[in-house]
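Here is the structure we will look at.
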Amino acid sequence: MYALIDCNNFYASCERVFNPTLIGMPVVVLSNNDGCVIARSNEAKAIGIPMGAPAFEYEHLFRRYKVKVFSANFPLYGDMSRRVMSLLSNYSPHQEIYSIDECFLNLEGINVDLQKYGLEMKARIEKGTGIPISIGTAPTKALAKLANRIAKKFPNETGGSYVIDTEEKRIKALKWLKVEDIWGVGRRNAKKLYAIGAYKAIDFVNLSEAWVRKNMTITGLNLQKDLKGIPTIEMLEPEKKKSIGTSRTFETDLRSFDEVRERITTFTSMSAEKLREQNSFCKRLIVFIGTNPFKEHETQYYPSIQIKLPFPTNSTLELVKFAHEGLKQIFKKNHYYKRGGVLLTDFVDASVYQPSLFFNSDPKHKKLMEVIDKLNDKYHCDVVRLASQDERKHKMKQAHLSQHYTTDINEILTVEV
DNA sequence: TCTGGGGTCCTAGGACCC
DNA sequence: TCTGGGGTCCTAGGACCC
């Protein structure tokens, strides 16, 4: 059996942990630049604020219902996530962290009442972190996802923990779930399914395998088997990331090459930091920029460029140089740029990396990067950065930011050079 | 005026090889 | 006029997730 544990309204719940006066009030958390709603408490959902709602369109609702509005505080959410995941890892030797607020546990060999086991987890996590969770347990991952949905939808009946462990429960759940709510079925596939008269998960499960394979690829076929109760989607081992990127919407439209270059430098630097953290080198870098799609009367331009690096590297200095070269090739004057980003990919492990005969990353950079990473890690901010880099956070609109409750150190900064 | 960010996996088709 | 067959690798783009 597999359990899928999901934190309820995760970001909103994190804000509540440190500000209990928010309990019972509608709470929303906004994306970077306070652009749109990315998390809502149950009360906020009840008012009719949808996921992804642009904040400016809903300000009247925020005011009318005295909604508590927060700018996203990702350092806080990341830290809370680590605490939740760490406590949950005690309930199975095999945990897959699926996202910031979700994980699967493989419960093989755990011979207890699984509904109660879920309730036990719930009590432990809420006591230890203050975060409410829901637990779904079933013979496959896709069914565990479904069980979790039921636990969340019917908290009074289930207590927040639901188990699909009989054929009868499985069929009943599949008859209840709409196809667009199946894990792995998005808008496009839902449309295809509707077109042939499949509205509920049970209809999807009853489709011929040939049709599913042809129209939804091997991914759809695996999903169908999983929902039939045949374990097909496996637990993933914790692996290193295969690509690392940083992208942002700018607070204002940028016109000049230098301004855009500053942002691209920062994105490259942030990505390179994460790359070194997992001890990889990358062999390819992608730079992309774009205009504002909501300004329909302006000419739209979304260029991107891939650069195959002449040697694998994780040096910020070298990566920034390549990123600048790429940007130079795609940047066109007379556009208002609203978005940009850098993606690093094609990784090799630092430990197995063999230097090539002719071109190599400058070995002197290794020491330099180690020192920079140490300083920035220690002081939780960019005490050391490139001269061509902007001051990251300063340009983000964050009008409603909560404190970094769990990660602030309030240390007085003295660095001897 | 104001509309997020970071990932994974799959496939078709082109380039290339013998 | 008529021009092979089989394979691998790479990549852009699509679809999906939270």
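Per chain, numbering begins at 1; letters A, B, ... match sequence-line order.
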Polar atom pairs between nucleotides 8-10 of chain C and protein, under 3.5 Å, N or O only, would you list them?
none

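- Nucleic acid contact class of Ile244(A) (heavy atoms, under 4.0 Å, all strands): sugar-phosphate only.
- Residue contacts for Glu59(A): at a heavy-atom cut-off of 4.0 Å it reaches no nucleic acid atom on any strand shown.
- Here Lys241(A) pairs with Ile244(A), Gln278(A) under the side-chain contact (heavy atoms from CB on, under 4.5 Å) rule; sequence neighbours left out.
- Closest contact between the side chain of Lys241(A) and the listed nucleotides dG7(B), dA12(C), dG5(B) involves dG7(B).
- In DNA chain B, runs of at least 3 consecutive Watson-Crick or G-U pairs, each pair with both distances below 3.5 Å, span B:5-18 with C:5-18.
- A salt bridge links Glu96(A) with Lys141(A); the closest basic N to acidic carboxylate O contact falls under 4.0 Å.
- Partners of Tyr336(A) by side-chain contact (heavy atoms from CB on, under 4.5 Å), not counting sequence neighbours, listed by chain and number: Asp253(A), Arg255(A), Glu298(A).
- As judged by a 4.0 angstrom heavy-atom cut-off over every strand, Asp34(A) is placed among residues making no nucleic acid contact.
- Near-neighbour residues of DNA chain C inside residues 76-89 of chain A, defined by a heavy atom below 4.0 Å, are absent.
- Looking at Ser208(A) and Arg213(A), their side chains never bring a donor and an acceptor atom within 3.5 Å of each other.
- Residue Thr217(A) has no polar side-chain atom (N or O) positioned under 4.0 Å from OP1 or OP2 of dA15(C).
- Only Ile182(A), Trp183(A), Gly184(A), Val185(A), Gly186(A), Arg187(A), Arg188(A), Asn189(A), listed by number, bring a heavy atom of residues 179-208 of chain A to less than 4.0 angstrom from any atom of DNA chain C.
- In this structure, Tyr98(A) reaches the sugar-phosphate backbone alone: every heavy-atom distance under 4.0 Å involves primed, P, OP1 or OP2 atoms, never a base.
- Asp181(A) pairs with exactly one of Arg149(A), Lys153(A), Lys145(A) by the salt bridge (Lys or Arg N to Asp or Glu O under 4.0 Å) rule, that one being Arg149(A).
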